[in-house]
Amino acid sequence: MSSSRSFFAAALAAAVTTLSPSYVGSFAPSVPISSARRNGLSSPAAGWRRESPSSTSSSYLSASASAVPFYAKVSGDEAAASDTPTVATPPSTSTSSSDDNNSSKMVIVAGATGYIGRAVVRESVRLGYDTVALVRDAPFVTDTDEGRRKYGEPFAGARVVQADVEDGAGLANLVSELKEEGRRGRGRGGRGDDECSTVDAIVSCLASPLGTKREAVAIDYQATLNCLDAGRDPRVSARHFVLLSAFCVRNPLLELQRQKLRFEQVLTSQDDMTYSVVRPTAFFKSVSGQLEGILGGAPYVLFGDGAVTRCNPIAEEELAEFMMGSLDPTNGRIDKIMNVGGPDGPLTNRMLGELMYDAAGLGESKQKFVYAPTWIFDYVIDGFQRIADWKKKSVGDGNAGPEDLEWWEDAAETARIGKYYAVEDMLTTDPDEKYGTITMKMHYEKIAGEGQDPFTPVRATAVIARVLENLPAASAISLPIGYALFNPGAVRNAVMPVLAYTASSSANHEGMWDFSVVLASLHGAV
């Protein structure tokens, strides 16, 4: 398949998937696959030392927390000759409501650079824990403008430690070293006795960035299992494990959901550590990506009639508060699997759009909505899967490589993810499963006035919305909107012969084939 056609396939999968209203249950591109090995880095246990960046590189921290230690690669001879390094110890920040009893307890947060991970780090510091934020690229966090912009405030008062969560043995050695440093009084709250050696909890906020099969197995299962095994290691004997799972695993149709459940089963069947499994409904960022589009005059994109799905997302800071509260046995969250959503009642996609328009100061006369049927995903999924099946046969015949097959299978899975979040409720109505006081209305008013959080995926829906808005007038095939919506089979029967003819044409029509697929998919949407 030509590069132009492959580029089109990737773009179409991304565009259709990002339309999904509650996309990213608990995974996000901001939580990249841990890849220290792929970047030429070795395990921290095999030749790393802890260093503190210069005052200029850490000036983004509060004045009382100016040093954030991280790992720097050293030669084997240097590592062998050096003693256990001294760890910089940032004092508590001024916003902390720390408990003196927590200062001798270490909390290790994996996936700390993610949307929820950074909120958990902030909350852990606020509660007074000796907080360690595990990151895959510490120099990025501490030494770059983007890193300081994203993590300067939430990481203030925490220790930033580079780690490869995919390296099980290296991670176990690293956590053991962190505990030993605490015992020697080199942790933030260490006093030099055994009382300071407790690893109170490991909190996993790990999630595969795209949810493809390889990533889901590597991150949602194996890397998370590595964190659990590091805590269970006899050298560490951590007390508690908090897992950020996802509400969507209750209906596991996707690989990322199956792998999350697979780990949950391992976690709940072991007895070395107590646990809390937290399954949030949805995040605020997942339903905020159309703000820039409507501010620019684009319509708000809805699926179906705008009420196909309902949700009650939870604010990241309140989810972090709930997760860290699980460490307290008096809260009744030990050894439990818990759904949790925000304080709102059921919110449809249409209701979310109206709230966003109101927060942006755009009255009813300026509110525009365009509707796309959910079966638009079926065309994309079926197309990618057919190509993947063909590639599978080609691999068996020796005419294609496994990487090519995996790419198309990943594209199909990405489209399935998009459809899932377009048709499935992310809603809990049980009062016991609601938490917090921050509503979607409050969130929309905040971002309308202050701007988006840097982690919010600003989707390409503005362009797609414009296409959907203008397509009836521009389309060469004139079909009434209602007929197309309620008779998708007739649309398919009318369009597919044209596509088949176009596909069978000469290579000179390849560009027309790509355009025809886009036109057919979008025309079916109106």
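The figures here come from the full heavy-atom set of this structure, side chains too, leaving out hydrogens, waters and symmetry mates. All of these numbers come straight from a predicted model, not from anything done at the bench. For this chain, numbers begin at 1 and follow the sequence in order.
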Check your understanding: Leu327 pairs by side-chain contact (heavy atoms from CB on, under 4.5 Å) with which of Asn102, Val242, Leu127?
Key -> Val242
Practice item. Check the pair Glu316, Phe283 against side-chain contact (heavy atoms from CB on, under 4.5 Å), reporting the backbone distance first and the verdict last. Key: CA-CA 7 Å; Glu316 69 271 18; Phe283 306 150; over 6 Å; no
Quick one: do [X] and [Y] make a salt bridge, cutoff under 4.0 Å?
X      : Y      : value
Lys213 : Glu409 : no
Glu317 : Arg126 : no
Arg118 : Asp453 : yes
Asp130 : Arg159 : yes

Can you list the residues that meet the side-chain hydrogen bond (donor to acceptor under 3.5 Å, both in side chains) rule with [X], with sequence neighbours excluded?
X      : value
Lys441 : Glu445
Asp335 : none
Ser326 : none

Which atom pair, heavy atoms only, marks the closest approach of [X] to [Y]?
X      : Y      : answer
Val121 : Ala158 : CG1-CB, 3.7 Å
Val199 : Val236 : CG2-CG1, 3.9 Å
Ser245 : Glu264 : OG-OE2, 2.5 Å
Thr281 : Ile314 : OG1-N, 4.4 Å
Ala156 : Val125 : O-CG1, 3.6 Å
Ser276 : Arg333 : OG-O, 2.6 Å

Separation between [atom1] of [X] and [atom2] of [Y], rounded to the nearest 0.5 Å:
X      : Y      : atom1 : atom2 : answer
Gln162 : Leu134 : CD    : CG    : 10.5 Å
Glu433 : Thr428 : CD    : OG1   : 3.5 Å
Ile381 : Thr414 : CD1   : OG1   : 10.0 Å
Ile202 : Met106 : CD1   : CE    : 10.5 Å
Arg416 : Leu256 : CZ    : CG    : 12.0 Å
Glu406 : Arg214 : CD    : CZ    : 4.0 Å

Ignoring hydrogens and angles, tell me if any N or O in the side chain of [X] forms a donor-acceptor pair with the backbone of [Y] under 3.5 Å.
X      : Y      : value
Glu413 : Glu255 : yes
Thr131 : Tyr129 : yes
Glu215 : Leu210 : yes
Gln257 : Leu254 : yes
Tyr151 : Thr113 : yes
Arg148 : Asp143 : yes
Asp344 : Met440 : yes

Point to revise | Residues Gln222 and Asn226: side-chain donor-acceptor under 3.5 angstrom | key: yes
Check your understanding: Going through the distances and angles, do Tyr420 and Asn251 end up as a side-chain contact (heavy atoms from CB on, under 4.5 Å)?
Key -> CA-CA 10 Å; Tyr420 187 98; Asn251 186 18; 3.4 Å; yes
Point to revise | Ring geometry between Phe322 and Tyr435 (parallel below 30°, tilted from 30 to 60°, perpendicular above 60°) | key: perpendicular
Review point. Parallel under 30°, tilted from 30 to 60°, perpendicular over 60°: which one fits the rings of Phe284 and His443?
Key: tilted
Given side chains that start at C-beta, do those of [X] and [Y] come closer than 4.5 Å, heavy atoms only?
X      : Y      : answer
Thr309 : Tyr421 : no
Phe303 : Val423 : no
Met426 : Pro313 : no
Cys227 : Leu171 : yes
Lys446 : Ile438 : no
Gln270 : Asp272 : yes
Ser288 : Ile447 : yes
Asn339 : Asp430 : no

Exercise for review: Take Leu244 and Leu319 through the side-chain contact (heavy atoms from CB on, under 4.5 Å) test and state the conclusion after the steps.
Suggested key: CA-CA 10 Å; Leu244 177 63; Leu319 176 57; 4.1 Å; yes
Point to revise | Verdict with reasoning, Leu347 to Val287, per side-chain contact (heavy atoms from CB on, under 4.5 Å) | key: CA-CA 11 Å; Leu347 294 170; Val287 289; over 6 Å; no
Review point. For residues 236-251, which residue pairs qualify under salt bridge (Lys or Arg N to Asp or Glu O under 4.0 Å), counting only residues two or more places apart or in two chains?
Key: Asp200-Arg239
**Study point:** Under the side chain to side chain contact (heavy atoms under 4.5 Å, CB included) test, residues paired with Arg122 that sit two or more places apart
**Key:** Ala119, Glu153, Pro154
**Study point:** Sequence neighbours excluded - ring pair (Phe, Tyr, Trp, His ring centres under 6.0 Å) pairs with any residue from residues 241-265
**Key:** Phe241-Phe263
Check your understanding: Does Lys434 NZ have over 12 foreign heavy atoms under 6.0 Å away?
Key -> yes
